[in-house]
Amino acid sequence: MTNGRAISSSVDPDIRSTSIVKDFLALIKIGIVNSNLITTFTGLFLAFQFSGVSFIRNLDLMVYALLGTGLIIAGSAALNNLIDRDIDPVMTRTKARPTVTGRFKASYVLALALAFIVIGEVMLFTASLTAGLWGLAGVFSYVVLYSMWSKRKHVSNTIVGSISGAIPPLIGWAAVEPTLGLGAWALFLIMFAWQPPHFYALAMRRTEEYRAAGIPMLPVVKGFKRTKVSILAWVLLLFPLPFLLADLGIGFIVLGTVLNIGWLYLAIKGFKAKEDLKWATSMFIYSLNYMTILFVAMIIFSIFI
């Protein structure tokens with residue numbers, strides 16, 4: 001019978017290192033980090049364009065804002081994994097997280113998360129006082145308001161969680177223009193309103209897992225029909241928001257409106273859908289494309305204003 005030490009030593013070092021990297025990226029939720037950096041950069045870039053501040057001469061602001069934001073999000077995500085390690089084993093989507101498998105010790109995760117947040121905040125405060133303060137607000141809203149408080153207690157947890165998800169573009173904007181303009185708040189509102197229909201669609205696909213974990217997601221507590229009504233309402237709230245970015249030109253407003261109409265069409269189709277989970281999947285995919293197209297378009301249209 002082979003002992004554990006022999007087994008460990010027989011594993012290819014490249015495989016072990018690849019596994020560690022994979023676990024580390026899962027710990028910091030690299031997908032969430034990357035998607036939030038897109039919105040952070042958009043806020044940063046639009047602030048440069050609208051304020052007239054030179055982008056080339058202030059590349060240090062971009063470095064501080066992006067690295068700082070990435071680090072505080074990674075640290076907050078690691079804390080979220082640490083907080084949820086008792087319920088993550090119940091869900092297929094989360095049961096392989098390193099905080100569940102024991103790959104990383106809790107003390108290590110805590111130290112790493114706090115280090116990331118502290119270093120990230122130093123970078124954000126270096127960019128501007130306002131960027132640093134919004135960074136702290138993002139960490140508090142995600143770790144405390146969402147992860148530690150609302151997620152397990154209130155059906156409104158998705159809305160509470162949307163606060164933190166809408167803050168990254170404010171951080172990016174504040175790094176360049178600390179006073180924040182209408183454009184910054186337009187980005188915040190778009191991100192805030194985008195998240196509920198996005199996550200409700202995901203929650204519908206994972207309803208039974210959330211139910212088993214005791215998480216009061218809207219589809220678990222109120223059912224699919226009520227969730228579809230909420231999705232429709234949030235999509236409708238998105239319609240006036242592109243007009244807050246009128247400085248980007250009529251082309252952007254038209255694009256934003258077309259994307260909203262497409263999402264509205266899908267949302268309405270949900271009430272007659274025979275396969276709810278298939279419909280929820282299409283809504284989830286559309287939401288991802290919606291955010292990517294809209295925010296990339298903001299950058300492109302801002303170049304030509």
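Counting from 1, the numbers follow the sequence of the chain as shown. Keep in mind that what you see is a predicted model, and the values were worked out from it rather than measured.
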Practice problem: Might you work through the side-chain contact (heavy atoms from CB on, under 4.5 Å) test for Leu244 and Trp185, ending with a clear yes or no? | Solution: CA-CA 9 Å; Leu244 297 178; Trp185 292 109; over 6 Å; no
Exercise. Output, in order, the C-alpha distance, side-chain angles, deciding distance and verdict of side-chain contact (heavy atoms from CB on, under 4.5 Å) for Leu248 and Phe50.
Key: CA-CA 10 Å; Leu248 292 178; Phe50 287 171; 3.7 Å; yes
Evaluate the side-chain proximity of [Y] to [X]: yes if any heavy-atom separation is below 4.5 Å, no if none is.
X      : Y      : value
Ser150 : Leu145 : no
Leu232 : Leu264 : yes
Ile167 : Phe188 : yes
Leu124 : Ile72  : yes
Asn81  : Val109 : no
Trp173 : Leu44  : no
Ile293 : Leu259 : yes
Met62  : Val176 : no

Backbone N or O of [Y] within a donor-acceptor pair of the [X] side chain at under 3.5 Å?
X      : Y      : result
Ser141 : Gly138 : yes
Asn36  : Ile32  : yes
Ser302 : Gln49  : no
Thr292 : Asn289 : no
Ser156 : Ile159 : no
Glu121 : Leu136 : yes
Arg85  : Leu82  : yes
Ser147 : Tyr142 : yes
Trp194 : Ser287 : yes

Taking all non-hydrogen atoms of both residues into account, name the closest pair between [X] and [Y] and its distance.
X      : Y      : answer
Ala280 : Arg205 : CB-CG, 3.9 Å
Gln195 : Gly161 : OE1-O, 4.1 Å
Val220 : Arg211 : O-NH1, 3.6 Å
Leu277 : Met204 : CD2-O, 3.2 Å
Gly256 : Leu294 : CA-CD1, 4.0 Å
Pro242 : Phe252 : O-CE2, 3.9 Å

Quiz item: For His198, which of Tyr286, Tyr290, Phe284 qualifies under ring pair (Phe, Tyr, Trp, His ring centres under 6.0 Å)?
Solution: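 The option that passes is Phe284.
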Self-check item: side-chain contact (heavy atoms from CB on, under 4.5 Å) between Ile190 and Phe295, worked out
Solution: CA-CA 10 Å; Ile190 289 172; Phe295 275 76; 4.2 Å; yes
Starting from [Y], can I reach [X] by hopping between I/L/V/M/F/W/Y residues whose side chains sit under 4.5 Å apart?
X      : Y      : answer
Leu112 : Val122 : no
Ile253 : Met298 : no
Val258 : Val235 : no
Met291 : Tyr265 : no
Leu110 : Ile73  : yes

Practice problem: Determine, using ring centers only, whether Tyr200 and Trp234 are less than 6.0 Å apart. | Solution: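 Ring centroids of Trp234 and Tyr200 are no less than 6.0 Å from each other.
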Quiz prompt | Working for side-chain contact (heavy atoms from CB on, under 4.5 Å), residues Met148 and Val143 | solution = CA-CA 6 Å; Met148 298 177 66; Val143 175; 4.2 Å; yes
Practice problem: Applying salt bridge (Lys or Arg N to Asp or Glu O under 4.0 Å) between Asp84 and each of Arg152, Lys95, Lys29, report the one that passes. | Solution: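 So the option named by the test is Arg152.
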Out of curiosity, [X] [atom1] to [Y] [atom2], how far, rounded to the nearest 0.5 Å?
X      : Y      : atom1 : atom2 : result
Ile268 : Ile231 : CD1   : CD1   : 13.0 Å
Glu177 : Leu61  : CD    : CG    : 12.5 Å
Thr158 : Lys151 : OG1   : NZ    : 10.0 Å
Ile28  : Asn80  : CD1   : CG    : 13.5 Å
Arg103 : Lys22  : CZ    : NZ    : 11.0 Å
Phe41  : Leu46  : CZ    : CG    : 9.5 Å

Quiz item: Do Arg93 and Tyr210 have side-chain atoms, one donor and one acceptor, less than 3.5 Å apart?
Solution: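 Distance-only check passes for Arg93 and Tyr210.
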Quiz item: Is a side-chain donor-acceptor pair under 3.5 Å present for Thr101 with Arg97?
Solution: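 The criterion, which ignores hydrogens and geometry beyond distance, is not satisfied for Thr101 and Arg97.
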Quiz item: Got more than 12 heavy atoms from elsewhere within 6.0 Å of CZ, Phe55?
Solution: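 Result for CZ/Phe55: enclosed.
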Practice problem: Decide if atom OH of Tyr64 counts as having more than 12 heavy atoms of other residues, nucleotides or ligands within a radius under 6.0 Å. | Solution: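 No, OH of Tyr64 has 12 or fewer neighbouring heavy atoms, counting only those of other groups under 6.0 Å.
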Quiz item: Is NZ or CZ of Lys228 both nearer than 6.0 Å to the six-membered ring centre of Trp279 and within 45° of the ring axis?
Solution: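 Yes, a cation-pi geometry.
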